[in-house]
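Just so it is clear, the values below take in all heavy atoms, side chains as well, and ignore hydrogens, waters and symmetry mates. Sequence lines set the chain letters: A, B, ... in the order given, protein chains first and strands last, and positions in each chain run from 1.
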There are 2 protein chains.
Amino acid sequence: MRFHSPSIQYFHAVRRTGSIRAAARLLNVASSAVSRQILKLEQEVGSPLFERTARGLTLTTVGEMLARHVMNVLQDLDRFRSDVASLSGAWHGTISIACIESLTESVLPDLIASHRSRNRRVSFTTEVMGSSDVLEALRRGEADIGIAIALIHPPDLRQVALKRFRLGALVAREHPLARRKTVTLEQCLAFPIIQALPELSIYHLLQPLIAQRSETPEPAIQANSIDLMRELAARGVGVAFQTQLGIIRLSRDAQLVFLPLDNAGSPVWSDLGIYVRAERTLPAVTDSFLQELVRELGERERRENAAYAQVV
Amino acid sequence: MRFHSPSIQYFHAVRRTGSIRAAARLLNVASSAVSRQILKLEQEVGSPLFERTARGLTLTTVGEMLARHVMNVLQDLDRFRSDVASLSGAWHGTISIACIESLTESVLPDLIASHRSRNRRVSFTTEVMGSSDVLEALRRGEADIGIAIALIHPPDLRQVALKRFRLGALVAREHPLARRKTVTLEQCLAFPIIQALPELSIYHLLQPLIAQRSETPEPAIQANSIDLMRELAARGVGVAFQTQLGIIRLSRDAQLVFLPLDNAGSPVWSDLGIYVRAERTLPAVTDSFLQELVRELGERERRENAAYAQVV
DNA sequence: CAGGTTGCTGCCGTTTCGGCAACAGCTATA
DNA sequence: TATAGCTGTTGCCGAAACGGCAGCAACCTG
């Protein structure tokens, strides 16, 4: 099922690899063939699509426009293929998800396992990365569904849903703060803290609050792994900060205690956005999984916020 | 700039014409070439795309899926072309509008004239039709922007905006009702009425109200032209019913009087929806005109409803 | 300067595409 | 019922497009 011009696919490969010869290797054709297709394309568009450097090729403005079109075409072709296949029953395909680390502990494995138990034909590709990388992966067409901290609203992506979870401190059971119901940032800063590096979204959520204070605390540890921060907190090294979402099971094990954070009397929220490329229609199977994801996150948002409403 | 497989374009032509030979004539190629491309396409998809009858070809289910994909591809190609051309400055293109008759009296000519005075390069194609035909024209890709009475919300179209205007009675200046500020349906039915045929959306707005009454009135005249109904009302033949939107200038000429309709004490609304094909990104130029249209209609909605709020 | 990379271009065999003419199947009309 | 006109399909063949090979100049790297 390859009824689109080779030039389309060649252009796409060249754009991704940034090199004609690399694209040729990827496509298992001669580099001359790729080169000619690109030249023909540029002639038809009437404008150069790449800037040639000694190192390879870079997109021009027109090239980026064409890249957008080509991505729309190829993604919609994917959707068509998937929908046709699911019509004939013998479906097999892949749902590709890019998300931040908070989801890996419970939300995503639960959902995928549940979906797989109902439909073995659908396979999944999940990649964990930072929030801005999630959005970039969607733009590049490397992921179908993206879950990231919602800081700014990107215009080329569609925000399918926005769920807010409380940000809180994570301490070991023996920690002096562990008996409290909620904590303030000031109370936490009296102890060694495990700070997130700027590549984690938590950094950008907490930094404005910390910057308001006159004295900036010296962090005991800086890390870029949610999991590592969690394990460090469990060993009593210090106070970690996390979204409430990622630590459900751990707090059930009572190794760790999650303390919702209060700032000037009001909760600190972490907004989780679910994103999809705007100029795109998802395959029916992917869309139904997306609906499940939104529903599940909505359910957890409701449940967890209700639980802490009781506490407060 | 034709970098898509001929099979794509051939399929599109065959779908539109419903015949291979007609498509061949349209494309200026031999019918055998078209036939072969369709056969090749069916082989690649692995399923027949058309049902062959002696009269021509009809889409199968898979064929309709491919038609959707092909339309997405071609419309997005259009957008790409338009955006590239507008980048280089020398732009010329067409904005295609399908709308109901109510718009032709003032809204659309004003907007198009205003837009043309600012940008001569953009040309327009406007086609007047019934509400359901407007939606169908969008689905078939024959129009970029559609304006229709919003009765049901079609899932494959995106409702860009929804504006509500008052439905009212239209009578000559000498008509006994002409001195009233508002009228009820009962008051109108005491006189000969000019009734819309089912192909006009007004019929579907008024029919439920009329059906509630025990005695169904005998209409003096039935018509399917907004303009004709307006002229008849001006000649004192009877009471016509129209959306307030279409008759601004006429009521200024004081040939006709527009009387907002009240039903059981509350106004009768006519919802005007602006539609675009959902699986599509509009060219920048088309999109900017769409924004103007939405703003203009919003302005009229605000102004007219405010005017009649004073009256009531 | 040498060895690697890059994109580009004749040359040539293979594949694909399109046009012509003929075929079978169907419908409408006389 | 026969005929004329329409439909899509299929050999045949020339033309165009495509892809592979080898060699070119230009550039970066060590």
Side-chain angles (χ1 to χ4, degrees), chain A residues 1-64 66-67 70 73-74 77, chain B residues 1-64 66-67 70 73-74 77:
Chain A
M1 197 185 305
R2 31 172 313 168
F3 38 73
H4 283 293
S5 300
S7 45
I8 297 286
Q9 326 207 13
Y10 287 12
F11 173 83
H12 190 232
V14 171
R15 182 195 65 83
R16 280 192 299 168
T17 59
S19 150
I20 286 190
R21 288 187 123 94
R25 283 193 296 272
L26 194 71
L27 296 163
N28 286 320
V29 291
S31 67
S32 59
V34 178
S35 174
R36 258 191 281 262
Q37 291 292 344
I38 300 298
L39 288 174
K40 198 189 68 161
L41 218 50
E42 290 180 323
Q43 193 181 353
E44 298 217 51
V45 174
S47 163
L49 300 171
F50 293 98
E51 278 172 5
R52 272 75 168 175
T53 70
R55 267 266 176 269
L57 285 78
T58 319
L59 283 172
T60 63
T61 307
V62 180
E64 281 177 6
L66 182 60
V70 167
V73 169
L74 294 181
L77 175 64
Chain B
M1 199 184 305
R2 34 171 311 166
F3 37 73
H4 282 291
S5 300
S7 45
I8 296 284
Q9 327 207 14
Y10 287 13
F11 172 83
H12 190 232
V14 171
R15 181 196 66 81
R16 280 191 299 169
T17 59
S19 150
I20 286 189
R21 287 190 122 95
R25 282 192 297 273
L26 194 70
L27 297 162
N28 286 320
V29 291
S31 67
S32 58
V34 178
S35 174
R36 258 191 280 263
Q37 291 292 344
I38 300 297
L39 289 173
K40 199 191 69 160
L41 218 49
E42 290 180 322
Q43 193 181 354
E44 298 216 53
V45 174
S47 164
L49 300 172
F50 292 99
E51 279 174 4
R52 271 74 169 178
T53 70
R55 271 261 179 271
L57 284 77
T58 320
L59 282 172
T60 63
T61 307
V62 179
E64 282 176 3
L66 182 60
V70 167
V73 169
L74 293 182
L77 175 64

* **Which atom of Ala23(A) lies closest to which atom of Val34(A), heavy atoms considered** => CB-CG1, 4.5 Å
* **Terminal axes of the helix from dC1(C)-dG30(D) to dA30(C)-dT1(D) (five pairs each): angle between them, nearest 10 degrees** => 30°
Could you list the protein-to-nucleotides 15-17 of chain C atom pairs, N/O on both sides, closer than 3.5 Å?
residue	atom	partner	partner atom	Å
dC17(C)	OP1	Lys40(B)	NZ	3.0

* Separation between CD of Gln37(B) and CD1 of Ile20(B), rounded to the nearest 0.5 Å -> 11.0 Å
* To do: Indicate the ring-plane relationship of His4(A) and His4(B), choosing parallel, tilted or perpendicular according to the 30° and 60° boundaries.
  => perpendicular
* Stepwise side chain to side chain contact (heavy atoms under 4.5 Å, CB included) check, Arg36(A) with Lys40(A) -> CA-CA 6 Å; Arg36(A) 258 191 281 262; Lys40(A) 198 189 68 161; over 6 Å; no
* **Taking every non-hydrogen atom, the tightest pair across Ile38(B) and Phe11(B)** => CD1-CA, 3.8 Å
* **For atom CZ of Phe50(B) and atom C1' of dT7(D), their distance in whole Å** => 14 Å
* Please step through side chain to side chain contact (heavy atoms under 4.5 Å, CB included) for the pair Arg16(A) and Leu26(A), ending with a clear verdict. => CA-CA 10 Å; Arg16(A) 280 192 299 168; Leu26(A) 194 71; 3.8 Å; yes
* **Separation of dC27(D) C1' from Glu51(A) CD (nearest whole Å)** => 17 Å
* Between Leu27(A) (CG) and dC18(D) (C1'), how many Å, whole number? -> 14 Å
* To do: Of all the heavy-atom pairs spanning Tyr10(B) and Leu27(B), show the shortest one and how long it is.
  => CD1-CD1, 3.4 Å
* To do: Show your reasoning for whether side chain to side chain contact (heavy atoms under 4.5 Å, CB included) applies to Leu59(B) and Phe50(B).
  => CA-CA 4 Å; Leu59(B) 282 172; Phe50(B) 292 99; 3.4 Å; yes
* For the pair Thr60(A) (side chain) and Pro48(A) (backbone), establish whether a donor and an acceptor sit closer than 3.5 Å, ignoring hydrogens and angles. => yes
Could you write out each protein N or O paired with an N or O of nucleotides 25-28 of chain C at a distance under 3.5 Å?
residue	atom	partner	partner atom	Å
dA28(C)	OP1	Arg55(B)	NH2	3.3

* Excluding sequence neighbours, so at least two apart, what forms side-chain hydrogen bond (donor to acceptor under 3.5 Å, both in side chains) with Arg52(A)? -> Glu42(A)
Using nucleotides 8-14 of chain D, report all nitrogen or oxygen pairs with the protein that are shorter than 3.5 Å.
residue	atom	partner	partner atom	Å
dG8(D)	OP1	Ile20(B)	N	2.3
dG8(D)	OP2	Arg21(B)	N	3.1
dG8(D)	N7	Arg21(B)	NH1	2.4
dG8(D)	O6	Arg21(B)	NH1	3.4
dT9(D)	OP1	Arg52(B)	NE	2.8
dT9(D)	OP1	Arg52(B)	NH2	2.8
dT9(D)	OP2	Ser35(B)	OG	2.8

* Atom-to-atom span, CG of Asn28(A) to P of dC21(D) - whole angstrom -> 12 Å
* **Any donor-acceptor pair under 3.5 Å from Ser35(B) side chain to Ser31(B) backbone** => no
* **Those residues that, when tested against His12(A), pass ring pair (Phe, Tyr, Trp, His ring centres under 6.0 Å) (two or more places apart)** => none
* In terms of heavy-atom contacts, does CD of Glu64(B) have more than 12 from other residues, nucleotides or ligands at under 6.0 Å? -> yes
